[in-house]
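Down below is the structure, laid out as structure tokens.
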Number of protein chains: 2
Amino acid sequence: MKKGRVTIKDIARELKIAPSTVSRALNDHPAIKKETKDAVKALAEALDYQPNLLALNLLQKKSNTIGVIVPEITGHFFSAIITGIQDVIVNSEYNIMICLSNESYEEELTIVKRLSKIQIDGVLVAPSSETKNFDHFRRLQKSGIPVVVFDRDCPGLEADKVLVDDYFGAFQAVEYLIGTGCKNIAHLGGPLNLSTTEQRLQGYLDALEKNKVPINSDYIVHVPGFSHKDAVKATKKLLELQERPDAIFAYNDKIAISTMHVAKKMGLQIPDEISVIGFDDEPHSSFITPSLSTVWQPVYSMGMLSARILLSHLKNQNVILDFRKEVFKPELVIRASSKEN
Amino acid sequence: MKKGRVTIKDIARELKIAPSTVSRALNDHPAIKKETKDAVKALAEALDYQPNLLALNLLQKKSNTIGVIVPEITGHFFSAIITGIQDVIVNSEYNIMICLSNESYEEELTIVKRLSKIQIDGVLVAPSSETKNFDHFRRLQKSGIPVVVFDRDCPGLEADKVLVDDYFGAFQAVEYLIGTGCKNIAHLGGPLNLSTTEQRLQGYLDALEKNKVPINSDYIVHVPGFSHKDAVKATKKLLELQERPDAIFAYNDKIAISTMHVAKKMGLQIPDEISVIGFDDEPHSSFITPSLSTVWQPVYSMGMLSARILLSHLKNQNVILDFRKEVFKPELVIRASSKEN
DNA sequence: AAAGTCTATGCAAAGGTTTGCATAGTCACG
DNA sequence: CGTGACTATGCAAACCTTTGCATAGACTTT
């Protein structure tokens with residue numbers, strides 16, 4: 001019989017009224033008589049009418065979709081953030097499109113182009129570790145698309161930002177290590193160029209300095225990527241030093257766990273011979289042996305807040321809101337991989 | 001000056017030609033003179049023309065988007081599958097919309113309705129653990145939307161399926177435990193109603209039976225949900241039994257890790273007093289102590305294949321392809337949480 | 001030179017919905 | 001009865017692109 005889905009025109013024809021009347025009836029426009037409304041609604045129901053959002057999108061020049069760009073989702077951190085974002089967005093009229101940059105600037109560029117083509121309404125982004133230039137985000141903003149940056153800062157980009165006080169977290173962790181009597185504290189840093197890497201390094205340095213612990217540049221090694229291999233290699237570099245460190249503050253739990261793995265294989269006692277503290281508090285970090293001391297971040301809340309900020313921009317398209325910069329405080333979680341204070 | 005983005009009409013006006021000519025020039029239609037094409041392309045470039053996909057969507061009655069429905073992404077399993085899916089889809093013209101059902105049938109229903117409203121072109125789905133009725137998927141199929149089910153089977157639903165031979169994996173794991181001399185092998189099953197739960201249970205049962213090990217119903221406990229608490233509670237039930245099991249085959253690594261945690265707290269030696277085998281081979285499972293024996297699944301490949309199957313349907317809309325059922329073989333990975341053979 | 005062929009382009013419709021403006025009809029008031 | 005106000009509805013444009021058909025002009029063939 002009828003091919004394709006039921007449209008407003010079908011209802012109009014059936015009821016011998018104009019499509020515009022049907023549209024208004026469906027949207028409860030006050031100028032429509034109650035009887036007409038009822039008739040239209042009844043028929044729409046009967047015919048299982050589904051509004052064609054594609055048409056609406058074209059008309060409104062918006063896709064009712066927001067894009068989320070993250071480097072990866074196989075770790076816990078971004079998965080949890082996304083879950084937070086999702087839980088907020090689900091209760092709005094927006095759809096959500098998750099895109100993975102695989103820590104690649106190129107792919108991030110491609111994604112942004114794509115999102116811009118489909119007329120995305122807003123973007124939430126944690127930039128890739130390769131990204132140094134933020135012009136692609138600026139281009140989005142210029143075409144009226146609000147951009148909210150989370151977790152990893154984009155220095156120089158004016159946008160809403162939801163970050164963690166990485167500096168504070170690192171400072172606390174390192175100061176704790178000093179407090180337990182560690183003298184030779186090393187740092188396994190993250191990929192260079194990441195704001196989080198820099199902040200955590202700075203926290204490490206300042207904690208040492210404040211406590212008058214001399215800084216040894218041999219004790220600072222940056223892990224180039226996020227693979228187990230990278231971490232193992234970097235750890236070995238540290239543990240094979242003439243004067244072996246007695247504590248390692250790692251950029252994140254993943255690295256910390258690899259570090260512990262290597263240390264154990266070398267027969268070192270954790271934490272007696274070497275303390276380890278990570279960052280992120282991944283769920284399994286409390287289950288490894290010894291359980292990992294780490295810095296907890298309110299990941300889920302960060303996701304929710306980022307989404308809420310974006311939504312508030314979308315709701316107030318006309319009003320120009322000031323850019324917000326929200327910084328969450330992380331918390332040091334002491335477990336068994338570090339000595340007692 | 002000009003508000004909004006550049007359209008094909010703007011280019012046409014500028015060049016004093018018809019919009020249709022511009023369209024054809026941009027799409028390399030053979031009937032357009034080279035000079036015209038060049039002129040159009042040059043101007044399009046200069047004006048930074050971005051085709052409006054929204055208009056195209058309306059015209060083609062499709063959104064060029066495929067939906068992916070998963071229960072959650074905080075674990076490694078679905079994250080890795082999604083990464084595989086993404087890596088395939090990225091190289092097609094399709095966009096990808098990831099939706100989380102949070103293991104809830106209700107939310108899954110809402111998601112399906114939503115996807116159907118936005119005229120999704122195809123769906124990849126791992127149903128929630130609550131889902132027993134698959135009519136919502138059938139409705140999608142009826143409106144011409146191909147559905148590919150992955151990981152968790154939907155019995156009775158005719159669709160493409162990409163699964164793992166859970167039965168085989170479980171059978172192997174349990175037979176291995178028997179081979180190492182374990183006599184009282186318990187099973188911590190997953191949420192009832194999941195095809196994977198059933199298959200793994202059946203593999204467990206058959207392995208016992210084949211090896212003439214009596215089945216003890218006290219040794220089979222199902223974990224209702226995926227939280228740590230649920231797993232701890234279920235484990236305790238097993239370990240407090242009069243005749244304590246000397247091996248536990250768990251539904252997945254997450255549960256297995258919780259189990260080991262409880263066992264260790266009770267002072268049990270793993271694997272001497274109790275062996276543990278999980279399922280999934282999560283990346284951190286090799287880092288816990290003792291490292292976890294488990295069943296590995298080719299997650300990334302599953303994601304890729306699922307996506308490829310869906311794409312092949314979309315490319316051959318007219319042709320009706322037979323439903324495919326692909327079953328991947330898992331592999332037993334023996335580490336330190338089980339005895340040697 | 002007429003008829004036919006080919007090339008390059010234009011016209012207009014289609015896709016489904018919303019919305020400003022126009023209009024037909026009703027009613028009330030002077 | 002004429003005017004004004006109000007109600008309920010219809011018309012048509014707009015959103016942007018693609019595409020079947022039409023056509024104008026140039027060139028070829030008989």
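To find a chain, count down the sequence lines: A is the first, B the second, and so on, and within it residues start at 1.
By the 30° and 60° cut-offs, the orientation of the rings of A:His136 relative to A:Tyr105 is perpendicular.
Checking the phosphate oxygens (OP1, OP2) of D:dG10, a side-chain nitrogen or oxygen of A:Thr21 falls inside 4.0 Å. Between B:Tyr49 and D:dC16 there is no side-chain N or O to OP1 or OP2 distance below 4.0 Å. Here A:Asn27 reaches the OP1 or OP2 of C:dT18: one of its side-chain N or O atoms lies under 4.0 Å away. Contact annotation: B:Ser23 does not reach the phosphate of D:dC16 (side-chain N/O to OP1 or OP2, under 4.0 Å). An OP1 or OP2 oxygen of C:dT9 is reached within less than 4.0 angstrom by a side-chain nitrogen or oxygen of B:Thr36.
For B:Glu35, the CD atom sits in a loose shell: 12 or fewer heavy atoms of surrounding residues, nucleotides or ligands are nearer than 6.0 Å. Remark: A:Lys117 NZ is loosely packed, at most 12 non-hydrogen atoms of other residues, nucleotides or ligands lying under 6.0 Å away.
For the pair B:Gln60 CD and D:dT17 C1', the computed distance is 9 Å after rounding to whole Å. Between the P atom of C:dC11 and the CD1 atom of B:Ile17 lies a distance of 12 Å, rounded to the nearest Å. At whole-Å resolution of the value, CG in A:Asn57 and P in D:dT17 are 15 Å apart. Atom NZ of B:Lys61 and atom P of C:dA14 are 12 Å apart (whole Å). Here the P atom of nucleotide D:dT7 and the NZ atom of A:Lys33 are 13 Å apart, to the nearest Å. For the pair B:Glu35 CD and C:dA8 P, the interatomic distance rounds to 9 Å; values are reported in whole Å. Remark: P of D:dC16 and CG of A:Leu56 are 14 Å apart, rounded to the nearest angstrom. Nucleotide D:dA12 holds its C1' atom 12 Å from the CZ atom of A:Arg24, rounded to whole Å.
Distance from the side chain of B:Ile8 is smallest to D:dT17 among D:dT17, C:dG10, C:dT9.
Side-chain N/O atoms of B:Thr7 and base N/O atoms of D:dC16 include no donor-acceptor pair closer than 3.5 Å.
Remark on DNA chain C: of its neighbouring residues A:Leu53 and B:Ile32, the 5'-side contact belongs to B:Ile32, judged by nearest-heavy-atom nucleotide. Mapping B:Leu59 and B:Lys16 onto DNA chain C by nearest heavy atom places B:Lys16 closer to the 5' end of the strand. Between A:Pro19 and A:Ala55, the residue anchored nearer the 5' end of DNA chain D, judged by the nucleotide with its closest heavy atom, is A:Pro19.
With respect to A:Arg152, the salt bridge (charged side-chain N to carboxylate O under 4.0 Å, His left out) criterion is satisfied by exactly one of A:Glu103, A:Glu130, A:Glu108: A:Glu103.
Looking at B:Tyr300 and B:Asp87, their side chains do bring a donor and an acceptor atom within 3.5 Å of each other.
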